[in-house]
Amino acid sequence: MKYKDTLNLGKTGFPMRGSLPKTEPLRQQKWYDADLYKQRLSQNEKKPHFNLHDGPPYANGNIHLGHALNKISKDIIVRYKNMAGFYAPYVPGWDTHGLPIEQQLTKAGHDRKSMPKAAWRNLAKDFALAQVDKQRNDFKRLGIMADWQHPYITLQPEFEAAQVRVFGEMAGKGYIFKGSKPVYWSWSSESALAEAEIEYHDIDSTSLYYANRVKDGKGILDNDTYFVVWTTTPFTVTASRGITLGPDMSYAVIRPEGETRKFVVAVGRLEAIAPKFGWTNYETLATYKGQELDRITAYHPWDEAAEELVMNADHVTLDSGTGLVHTAPGFGEDDFNVGKTYGLEVAVTVDEKGYMTKSAGADFEGKFYDDVVGLVINKLTAANLFLAKEKITHSYPFDWRTKKPIIWRAVPQWFASVEKFRQNILNELDNVNFYPEWGKKRLYNMIRDRGDWVISRQRVWGVPLPIFYAEDQTPILDQSIINHVADLFEKHGSNYWFEHEAKDLLPEGYTNEHSPNGLFTKEEDIMDVWFDSGSSWAGVMNTRDQLDYPADLYLEGSDQYRGWFNSSLITSVAATGHAPYKNVLSQGFTLDGKGNKMSKSLGNTISPLAVADQMGIEILRLWTISVDTSQDMPVSNDILKQVSESYRKIRNTLRFLMANTSDFNYATDAIAFEDRAGHDQYFSVVLNDFVKDVRASYDNYQFNDIFKRVINFVNVDLSAFYLDIAKDVVYVEAPTGHARRSMQTVFYDTLLALTKLLLPILPHTAEEVWEYLPNEKTEFAYLSDMPEVQDFGDTRALLSHWADFMSLRDSVNKALEEARAAELIGKNAEAALTLYLTPEQQQLLANLHADVRLLLMVSQLHIEDASNASAIKDYDGFLISVQHATGGVSPRDRMFHEDLGADPAFPELSKHEAEIIREFYPQALTEGFE
RNA sequence: GGGCCUGUAGCUCAGUUGGUUAGAGCACUGUGUUGAUAACGCAGGGGUCACAGGUUCGAGUCCUGUCAGGCCCA
C-alpha cells in the first residue's frame with residue numbers, strides 16, 4: 001500500500017471554480033420552484049416582524065447598476081433578518097404612472113389626441129405591466145428573494161383606492177387648495193412639472209438692459225428719471241408689472257455725459273454696468289436706499305394699460321444685472337411672492353404650448369415665446385428705452401424627459417399645503433433613525449425650506465384628482481365624497497373616472513347648493529406621481545395583512561431624500577401624524593473607476609446583467625458589501641476583478657473546510673470546548689468573536705465592515721494560520737483520534753458559521769455548500785438560522801496569550817525566511833528551531849496549552865534559557881536560531897524525526913506514526929508499503 | 001449660487017476623545033512548496049494622509065480657504 005493511503009487527505013466534490021454564470025440561473029429556478037421565499041416566511045410566522053418597505057422603481061427601461069445595488073442591498077438585509085429571528089416579508093413594488101410611459105407610447109406611434117383618455121390609459125397600463133414583467137425577470141436573475149408573485153404596483157385598484165383615501169384625509173384636514181401660481185411649465189409636454197422632473201443645462205440666452213420711465217415719482221424722482229432693469233427672459237417683459245429693489249441697497253440717480261435723461265442703478269453695479277451702455281462719464285445726482293423708492297411707479301415700456309410698481313424684497317442681489325429686478329408675477333416664483341405682497345396682477349401672456357397670447361399685445365399674439373427677443377428689442381428701441389443686449393451662458397431648467405427648456409408660468413393648480421403641517425413633519429424626524437446620521441439633517445433642511453407641493457398634473461396617465469366642480473365652478477373637496485370615489489376605484493380601477501360622467505362618480509342623490517340644477521363636472525387633472533409612490537405606506541404597508549405600518553426600514557439612493565423619503569413622509573404625517581418609517585438607510589451612487597458619474601453618453605456604465613453573465617451575480621453581490629454604500633461607490637471591471645479574487649479565496653477556503661470534514665459527523669464526533677486542544681479552543685473563540693462582530697455589522701447595516709471582517713478572517717485567521725497548521729493534524733493524525741476530531745469540530749463550526757453568515761450576500765454559493773453537508777437537516781441553507789454567539793466566559797486572557805504567540809510566530813517566520821535565503825533550509829519542515837527565551841517568554845508558551853512545534857510548523861523545536869544564548873540574533877525581542885533538522889524524513893508526514901524505525905515493522909516511519917498505522921491500517925503490516 | 005456628502009498606499013477600506021517610525025486585505029515583487037495545486041505559505045517594496053493657510057508643545061484627526069468628485073436644489 002501507499003503511505004498516502006494512510007493519510008486523511010481532504011475529499012470533496014465541491015468544485016474549485018463556481019462556473020457561476022451557468023449554475024446561478026439553475027439554482028435560482030430551484031428556489032422559485034420550491035417557493036423558498038414562502039417556506040422561509042412560514043417558518044418564521046411566530047417571530048417578531050421586520051418590514052423593509054420597497055421603494056418602487058419606475059416601470060420603464062432596463063435595470064441598471066443602481067437598481068442592482070438597491071435590490072441586492074435589500075435582499076441582503078431581508079435574508080439576514082429572516083435567518084436572525086424575524087418574520088421579514090419583502091414585497092417588491094413598481095411605480096407605473098407618469099409621463100415617461102406616455103412618451104414611450106408616443107414614441108411607439110400612438111397618438112393621444114386620436115383616442116379617448118380611457119383608451120390611452122389602457123395602452124399605458126399594458127405597457128407598464130409589460131415593463132414590470134421584464135424588470136421582474138431581471139431582478140430575479142440577481143438572486144433576490146421576494147414575493148415576486150404578489151408585487152405591489154401603483155396602478156393596482158387597491159393601491160389607487162388607498163392613495164385616494166390619503167388624499168381625502170388631507171383634503172378633510174384642509175391641506176388641499178387650488179391656486180394660481182407660477183410653476184415649472186413644460187410647453188413641450190404641456191404640463192406643469194415637479195421639481196423632480198427637471199434637470200439643468202447650460203444655455204446661451206439674450207439678456208436685455210432697458211429703462212422704465214418714472215410715472216409717479218412720489219416727489220422723490222423726476223419724470224425724466226428711468227429705472228434701469230435687466231432681464232434674461234425678454235418675453236416676460238410683456239407681463240412685467242413691477243421693479244423690485246433691495247430695501248437696504250443703495251441706488252444712485254445718475255446722468256451720463258451727453259444724456260438728458262437720468263437713470264437709477266444700484267451703486268454696487270454702476271461700475272460694472274456703465275461701460276455696457278457707453279457711459280464713460282456720468283455724474284451722480286442723488287443716492288437712495290431701496291426702501292426710500294418704495295411704491296414709486298413707472299410706465300410699462302409700451303403697454304399703456306399696465307404699470308410698473310417699485311417694490312422691495314430681499315432676493316435682490318448685486319451678483320448680476322442692475323440691482324433692479326424687472327418683475328413679472330406670472331413668470332417667476334420670487335416675482336410672484338413679492339407681487340402677492342404688493343397686490344400685483346398675475347399676468348400670464350404665454351399659453352400652454354409656449355405661444356404668446358392676445359394679452360401680450362396684438363403684435364406678439366401667436367408668436368413662440370422664445371422667438372420674440374427681436375420684437376421686444378424693436379419695441380424698446382422704438383420707445384427709446386433700449387440700452388444693451390448681452391449674450392449670457394447660464395444654467396437653465398429643462399424638462400428631464402423631453403429635454404426641452406421650460407418656463408415659469410402661472411396656471412391654476414392644486415396644492416398640498418406643506419406649510420400647514422411643516423412643523424409636525426420636522427418633529428416626526430426626531431423619531432426616525434438615519435443611516436448615515438447626516439441623512440436627518442439633509443431631510444430636515446429640505447422639508448424646512450420647501451414650498452407647497454404642486455400635486456396636479458395636466459396629463460392623462462395617473463390617478464385622477466377626485467375633485468368635482470359645482471355649476472358655479474366651486475370645487476367640491478369633501479372627504480366622504482372622495483372616499484366614495486376611492487371605493488369605486490377599488491372596485492373598478494381609476495379608469496372608471498374617465499369612463500363615466502361626474503354624476504355617476506358622485507354618491508347617488510348628491511346635491512350641492514352651488515349646483516341648483518344638479519349639474520356637476522369633474523377635475524381633469526391627475527396627481528403628481530410622487531403622490532402615488534408617496535402613498536405606498538397606505539397602499540401596501542397598511543393594506544397587506546403580513547405588513548406593518550410604520551415600516552422598520554426604507555432603503556434607497558440618496559436622491560430619494562428629495563423623492564420618495566420626502567413624499568412618503570409628507571403624505572404620512574399629513575394623513576396620520578406619523579412618519580411612515582422608523583429607520584431610513586440611504587446609499588450613494590455608483591461611479592466609474594475614476595470617480596466620475598456613470599452615464600450612457602460617457603460610455604462608462606456597467607450592466608448588472610452583463611456582470612451576471614460574465615462573472616456571476618455573486619461577484620456583484622460581493623462587490624456590494626466591499627464598498628462603503630453610504631457614500632458614492634466606484635465600480636469598474638478592474639474593481640470587479642479584484643472582488644472576484646476575494647470570491648475565489650472565500651470559495652476555496654470553504655472548499656478546504658468541506659474537504660476536511662467530509663468524514664465528520666457532528667452528532668457523534670464532536671469534541672466539547674473544554675476538551676479541545678489549546679489551538680482549537682483559541683480558534684473557537686476567534687470564530688465566536690467573528691460571529692459576534694459580523695452579526696453586529698449586519699444589525700447596523702455596515703456592509704463593508706462585514707466584508708472586511710470576512711476577508712480578514714478567511715485570509716489571516718484561517719488560511720494563513722489555522723488551516724495551515726491544521727494540515728499536520730488533520731492529514732496526519734489518526735482519523736478518529738482526539739486531535740483530529742477536536743480540530744474537525746472547530747472546522748465544522750467554522751464552515752457552518754461562515755456559510756450562514758455569507759448566505760445573505762452569497763446565497764448561491766451558500767446553497768451550493770449546503771449540498772455537501774449531508775447532516776444538515778433543512779433542504780436549503782436559507783431555511784437554517786444564523787449562528788448564535790456562544791458564551792465562553794472571559795476570553796481576554798486567552799486572546800492575549802495568543803496575541804503574544806503571534807508576535808513570536810512573526811519573528812520565527814522572519815528567521816526562517818533568512819535561513820531559506822541562506823539556503824540552510826527549503827521548506828519549514830527542514831528546520832530545527834532553537835528559541836532562547838526569558839522565563840516570561842517560556843510562560844507565554846506554557847499558557848497556550850498547545851504543541852508549539854506544531855504551531856510553528858517546523859520538525860524540531862528546542863527551548864533554551866535566554867541566559868544561555870550567545871551571538872543569537874534578536875528578532876523583535878525573540879532570540880531565535882535556525883538549524884537544519886536532524887534525523888530522517890518520514891515519507892508519510894514529510895517531517896524530520898529522530899525516531900524513524902522505532903517500530904521495526906515500519907522502518908521509515910516515526911514511532912507515533914507507526915502506532916497510528918498499527919491501529920487504523922493493520923493491513924499495512926501484511927502488505928507493507930511501496 | 002445654496003443644502004448634504006466625499007477625497008488616506010495601484011485598488012477596496014480602517015484610522016478611538018488631536019500624541020511615539022500612518023494600518024489591513026487585495027494587487028505587485030521575491031521566494032518556498034507541489035498532500036487546498038488554474039491552489040497554499042513566507043518575506044518584501046509601496047503613502048509629503050487632495051492642496052494651501054491657521055489653531056496647538058504636537059494634526060490624517062480641529063478651523064478657514066482652494067481644487068476635484070457625487071446627490072439634491074436654485
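Order of the sequence lines fixes the chain letters, A, B, ..., with proteins taken first and strands second; residue numbering starts at 1 for each chain.
The nearest whole Å value for the distance from the CG atom in A:L591 to the C1' atom in B:C11 is 15 Å. A:D717 has its CG atom 11 Å from the P atom of B:G25, to the nearest Å. Taking atom CG of A:D724 as the reference point, atom C1' of B:G41 lies 5 Å away to the nearest angstrom. If you measure from atom CZ of A:F565 to atom P of B:G3, you get 22 Å, rounded to the nearest angstrom.
Applying the Watson-Crick and G-U wobble criteria (two distances, each under 3.5 Å), B:G19 pairs with B:C57. Here B:U33 sits opposite no nucleotide as a Watson-Crick or G-U wobble pair (both hydrogen-bonding atom distances under 3.5 Å).
Salt bridge status for A:D705 with A:K708: present, with a side-chain N to carboxylate O gap under 4.0 Å. For A:K814 and A:E817, the salt-bridge test fails: no basic side-chain N is under 4.0 Å from an acidic carboxylate O.
Residue contacts shown for A:K649 are limited to sugar-phosphate atoms, with no base heavy atom under 4.0 Å away. As judged by a 4.0 angstrom heavy-atom cut-off over every strand, A:A720 is placed among residues touching the sugar-phosphate backbone only. No engagement by A:P436 is indicated, since no non-hydrogen atom pair under 4.0 Å with the nucleic acid exists. Contacts of A:P15 with the nucleic acid, taken as non-hydrogen atoms under 4.0 Å apart, are absent.
Using atom C1' as the reference point in both B:C40 and B:A59, the two lie 42 Å apart (nearest Å). For the C1' atoms, the distance from B:U20 to B:C57 is 14 Å, rounded to whole Å. Taking atom C1' on both B:C72 and B:U55, the two are 34 Å apart, rounded to the nearest angstrom. Distance noted for atom C1' between B:A14 and B:G53: 29 Å (whole Å). Across the C1' atoms, B:G41 and B:C49 are found 32 Å apart, a figure rounded to whole Å.
One finds no side-chain N or O of A:R450 lying less than 4.0 angstrom from the OP1 or OP2 phosphate oxygen of B:C72. At B:G35, none of the side-chain N or O atoms of A:K2 fall inside 4.0 Å of OP1 or OP2 (strictly under the cut-off). Using a 4.0 Å cut-off, some side-chain N or O of A:Y731 falls inside it from OP1 or OP2 of B:A36.
Taking the six-membered ring where tryptophan is involved, the planes of A:Y561 and A:F565 are perpendicular, since the angle between them exceeds 60° and thus also 30°.
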Please list, for nucleotides 4-6 of chain B, all pairs of protein and nucleotide N/O atoms separated by less than 3.5 Å.
| from | atom 1 | to | atom 2 | distance (Å) |
| --- | --- | --- | --- | --- |
| B:C5 | OP1 | A:K441 | NZ | 3.0 |

In the 5'-to-3' direction, what one-character label does each nucleotide of nucleotides 27-32 of chain B receive under the scheme B = base within less than 4.0 Å of a protein heavy atom, S = sugar-phosphate only, - = no such atom?
-> S--BSS
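The side chain of A:D628 sits closest to B:C13 out of B:G41, B:A36, B:C13.
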Decide salt bridge (charged side-chain N to carboxylate O under 4.0 Å, His left out) for A:K4 and A:E930; before the verdict, give the C-alpha distance in whole Å, the side-chain angles of both, and the deciding distance to 0.1 Å.
-> CA-CA 10 Å; A:K4 196 167 178 173; A:E930 288 176 15; over 6 Å; no
